[in-house]
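This one's a predicted model, so the numbers in the text were calculated from it and none came from an experiment.
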Amino acid sequence: MFSIRPARTTDVPAITEIARPLIEQRILLGKELVEIYESIQEFVVAEQEGEVIGFGALHVMWQDLAEIRTLAVAQSAKRKGIGAAMLRELLERAKVLGVRRVFCLSFEEEFFRSHGFELISDVPVDPETYAEMVRSHDDGVAEFLDLARVKQNTLGNSRMLLKL
């Protein structure tokens, strides 16, 4: 049995250990350690017998839009519903925050499609919102906006959106 809870700063070493092989395989984008600590309040972790076995984050991008970031499960714990449980928790957080749309950029198209996400080919914001969002220094926002400076990191990923 496992549980889902908000991440703590003491979980960062486990988060980076789970992420390391996925970063090496270019499935996840690497993040600086300081970035993980700075955004730890966005994360949830899956825990089993005191061990972190998965993590994910919800990053608000705009008034009605958030992104699921770096949803990952330890290799030894895959295919047990852990990713789905973390995703449900993150989507509940989005609803509580008033977010109506959730974006993801992932190689795991089948997983996200099974949870109601649909493929998109464009940037689903109006021109005024785009003009505001392009001012962000966040690479995740740049990925969402499909800016050229992050294209080398996103080739092959599926752009997906869920309307809550």
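Remark: side-chain polar atoms of S158 are not paired, donor with acceptor, to backbone N or O of M160 under 3.5 angstrom.
Residue Q63 holds its CD atom at 6.5 Å from CZ of R100, rounded to the nearest 0.5 Å. Going from atom CD of Q75 over to atom CG of L22 covers 8.0 Å, rounded to the nearest 0.5 Å. Rounded to the nearest 0.5 angstrom, K80 NZ and I82 CD1 are separated by 6.5 Å.
In this structure the side chain of R5 reaches within 4.5 angstrom of the side chain of V45, judged on heavy atoms. Residues K31 and I23 fail the side-chain proximity criterion, which asks for heavy atoms closer than 4.5 Å.
Between E92 and K95 there is a salt bridge, since a side-chain N of the basic residue sits under 4.0 Å from a carboxylate O of the acidic one. A salt bridge links R20 with E24; the closest basic N to acidic carboxylate O contact falls under 4.0 Å.
Counting non-hydrogen atoms of other residues, nucleotides and ligands closer than 6.0 Å to CD of E32 gives a total of 12 or fewer. In the displayed structure, E108 atom CD is contacted under 6.0 Å by at most 12 heavy atoms of other residues, nucleotides or ligands. At most 12 heavy atoms of other shown residues, nucleotides or ligands fall within 6.0 angstrom of atom NZ in K163.
Of all heavy-atom pairs between Q48 and F2, the closest is CB-CB, 4.2 Å. Summarising the geometry of V73 relative to G83, their closest heavy-atom pair is CG2-N, 3.7 Å, with the distance given to 0.1 Å.
Ring orientation note: the planes of F55 and F43 are tilted relative to one another, at an angle of 30° to 60°.
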